[in-house]
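Below you'll find the structure, written out as structure tokens, and then a few comments.
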2 protein chains.
Amino acid sequence: MKRIAESTVRRLSLYLSFLEQRERDRVNTISSDELAHLGGTTSAQVRKDLSLFGSFGKRGLGYSIPELSGKLREILGLEKQWRVCIVGAGKIGAALARYRGFAERGFVIAAVYDSDPAKLGKKWESQAIRDVANLAKDALSERFDIAVVATPPESAAEVVKVIVEAGIKAILNFAPTQLTVPSDVTVRAVNMAIELEGLSFALTNRAR
Amino acid sequence: MKRIAESTVRRLSLYLSFLEQRERDRVNTISSDELAHLGGTTSAQVRKDLSLFGSFGKRGLGYSIPELSGKLREILGLEKQWRVCIVGAGKIGAALARYRGFAERGFVIAAVYDSDPAKLGKKWESQAIRDVANLAKDALSERFDIAVVATPPESAAEVVKVIVEAGIKAILNFAPTQLTVPSDVTVRAVNMAIELEGLSFALTNRAR
DNA sequence: ACATGTGAACTGCTTCACAGCG
DNA sequence: CGCTGTGAAGCAGTTCACATGT
């Protein structure tokens, strides 16, 4: 399969979230132009994005919402359940564990780890917090697909080493650190400092 | 000033964080090649990024770490203090309020808002949680520079309306909703669902 | 000799514009 | 006629390669 740009995949996710809203409204067709408006892009961009995966629309009509959202879920791999383990039982981990949207989209929080003895064993949304020392062993039997790194920056590198050795191929990193991983492991980083600094830059350098 | 790509600004933030690590180590010069390694890019990219703002290096030597980090702070607008208000006193708001790194970089949490009567008045890292109904009024006297939207998706649009009317020109959005704002308002969005779906896509479509 | 700074070449994402089809 | 699907054109960001300065 052809290589797909990250920006394209992000837009596909967006399109899907709009379609899901519309599904609830019982509207059942949508044009590339409407999708473009919702997502702040152009109709040509929408059609190009979708055309990378097939021809899902009807000329003169637009796209069937149930059909297109099904296709997008398929493309994005949201038809299977993904087993996620969260490493780091701080506020960010908590926010993730509590967020209902994940379960809806097939992301199952399968385990939560921390290294703080005070937290171990405490229940968290029906999960007991486990000792991160057991992660490697647990991963063998529980087959985590995705690991979320929500530790302080000092521990991130070490945790990632364990994650990689456990054979997990996808990491969502909330620690403000650059991770080094083999090329078959995919990392997405969310770095709040970088976002805030981007805003700072925009405020400082915008035309007056 | 020439338009700068968002990707460039993100890299500048990264470079700065590496320089700050090195500053602590009392090393005082660094080459574009080293910076590139730390940030997973190329030396040409580093030099091109920096050259957009001036010539900060010495040929044959590299960049002075204190000088370059100073320049980067200046470029990114991190020399002044930015007043941030957080709207939504949930877990994400809490994670932000607690994160020490922000204060260090000049982002001052000036206020925290919520609409839940049960939360109002409670203290949070030395901030009393205020009623979001007062946001518009408070903004007049307290001059918030940046607003963080950390509310549930249903309330995001309404909150953003108030933020924009209050004259705040920069928004960091954690709600999984597309925001509509005038073109003089900068928005950065952090959407965990999109990141996870990106990982799902990568796991589904990677070469086998 | 070494590492920067930068025009030129390149790559790849986005936009255009229109043929194709319902 | 309307809206999709898609080559071709355009443009922006990245990489190359070398002249330049120390």
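Throughout, protein chains are lettered first and strands after them, A, B, ... in sequence-line order, and every chain is numbered starting at 1.
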Query raised in the report: What integer distance in Å separates A/Leu52:CG from C/dT14:P?
Result: 10 Å

Query raised in the report: Between B/Arg11 and D/dG13, is there a side-chain N or O to OP1/OP2 distance below 4.0 Å?
Result: no

Requested in this report: Count the heavy atoms belonging to other residues, nucleotides or ligands that lie under 6.0 Å from NZ of B/Lys161, then report whether that count exceeds 12.
Outcome: no

Query raised in the report: Looking at A/Tyr63, does any N or O in its side chain come under 4.0 Å of the phosphate oxygens OP1/OP2 on C/dG22?
Result: no

Report summary line: A/Arg47 atom CZ is separated from C/dA17 atom P, nearest whole Å, by 13 Å

Query - Any N/O donor-acceptor pair, B/Arg59 side-chain to D/dT20 base, under 3.5 Å - result: yes

Report task. Would you tell me if any nitrogen or oxygen in the side chain of A/Thr42 comes within less than 4.0 Å of OP1 or OP2 on C/dT15? Result -> yes

Report summary line: Heavy-atom nearest nucleotide on DNA chain C taken for A/Ala5 and for A/Gly60; more 5' hit belongs to A/Ala5

Report task. Would you indicate which nucleotide in C/dA8, C/dC18, C/dT15 comes nearest to any side-chain atom of B/Lys48? Result -> C/dA8

Query raised in the report: Heavy atoms under 4.0 Å, any strand shown: does B/Ser32 hit a base, just sugar-phosphate, or nothing?
Result: sugar-phosphate

Requested in this report: Would you mind classifying the nucleic acid contact of B/Ser7 as base, sugar-phosphate or nothing, using non-hydrogen atoms under 4.0 angstrom?
Outcome: sugar-phosphate

Query raised in the report: What integer distance in Å separates B/Lys2:NZ from C/dG7:P?
Result: 10 Å

Query raised in the report: Quick one: is C/dC13 close enough that its OP1 or OP2 comes under 4.0 Å of any side-chain N or O from A/Gln45?
Result: no

Requested in this report: Nearest whole angstrom, please: distance from the C1' of C/dT4 to the CG of B/Asp49.
Outcome: 14 Å

Requested in this report: Output yes when A/Lys71 and A/Glu67 qualify as a salt bridge under the 4.0 Å nitrogen-oxygen rule, no when they do not.
Outcome: no

Query raised in the report: Any side-chain N or O of A/Arg3 less than 4.0 Å from the OP1 or OP2 oxygen of C/dC13?
Result: yes

Report task. Round to a whole Å and report the spacing from NZ of B/Lys58 to P of D/dG21. Result -> 15 Å

Query raised in the report: Taking atom P of C/dG22 as reference, at what distance in whole Å does atom CZ of A/Phe56 sit?
Result: 17 Å

Query raised in the report: Would you say A/Ser200's side chain and B/Leu76's backbone share a donor-acceptor pair under 3.5 angstrom?
Result: yes

Requested in this report: Can you establish whether the number of heavy atoms outside A/Gln81 located under 6.0 Å from its atom CD is more than 12?
Outcome: no

Query raised in the report: Could you give the NZ-to-C1' distance, from B/Lys71 to C/dT4, as a whole number of Å?
Result: 16 Å

Query raised in the report: Rounded to whole angstroms, how far apart are CG on B/Leu12 and P on D/dG13?
Result: 13 Å

Query - Crowding at CD, B/Glu158 (>12 non-hydrogen neighbours, <6.0 Å) - result: no

